[in-house]
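Scroll down for the structure; my scribbles are underneath it.
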Amino acid sequence: MNWSSDAETSLREIPFVVRPIIRRKIESLAREAGLEAVDLAFYQQARERFGRK
């Protein structure tokens, strides 16, 4: 799945150890929402859904 550069930059703020898990979860949510790419707005919504801001 494609990620916008600003969403990718924000993802890098997550610790390396858990980053792949978070990436998979967000991509799964994006697919469920019918999206072809993750942008910063969707990334932030997904993070809030996980209880992190």
Side-chain angles (χ1 to χ4, degrees):
M1 174 160 291
N2 293 323
W3 284 63
S4 68
S5 61
D6 50 354
E8 190 75 48
T9 299
S10 293
L11 181 66
R12 290 187 194 126
E13 295 173 3
I14 296 174
F16 177 77
V17 176
V18 295
R19 196 178 303 156
I21 297 166
I22 300 300
R23 178 185 285 273
R24 284 192 297 269
K25 286 184 178 183
I26 291 174
E27 289 179 353
S28 177
L29 289 173
R31 284 187 198 95
E32 289 174 13
L35 300 176
E36 295 180 8
V38 175
D39 62 8
L40 183 59
F42 185 81
Y43 173 82
Q44 290 171 338
Q45 290 173 355
R47 290 276 312 249
E48 288 175 12
R49 186 172 174 180
F50 297 141
R52 307 258 346 240
K53 294 185 179 177

Discussion item. Looking at every non-hydrogen atom in both residues, tell me the closest pair between L40 and S10 and how far apart they are.
Written reply: CD1-OG, 3.4 Å
Worksheet entry | A46 versus I26, closest heavy-atom pair with distance | CB-CG1, 3.8 Å
Discussion item. Nearest 0.5 angstrom please: D6 CG to D39 CG, how far?
Written reply: 7.5 Å
Practice prompt. Search all heavy atoms of F42 against all heavy atoms of A33 and return the closest pair with its distance.
Written response: CE1-CB, 4.3 Å
Worksheet item: Is I21 reachable from L11 through a run of I, L, V, M, F, W or Y residues, each pair having side-chain heavy atoms under 4.5 Å apart?
Response: no
Worksheet item: Would you say W3 and V18 are hydrophobically clustered, going by side-chain heavy atoms of ILVMFWY under 4.5 Å?
Response: yes
Discussion item. Closer than 3.5 angstrom, by distance alone: can the side chain of S28 be matched with the main-chain N or O of R24 as a donor-acceptor pair?
Written reply: no
Worksheet item: Is there a donor-acceptor pair closer than 3.5 Å between any side-chain N or O of Y43 and the backbone N or O of V38?
Response: no
Worksheet item: Quick one: do R47 and E13 make a salt bridge, cutoff under 4.0 Å?
Response: no
Worksheet item: Quick one: CZ on R49 to CG on L29, what's the gap to the nearest 0.5 Å?
Response: 4.5 Å
Worksheet item: Do the side chains of M1 and R31 get nearer than 4.5 Å, heavy atoms only?
Response: yes
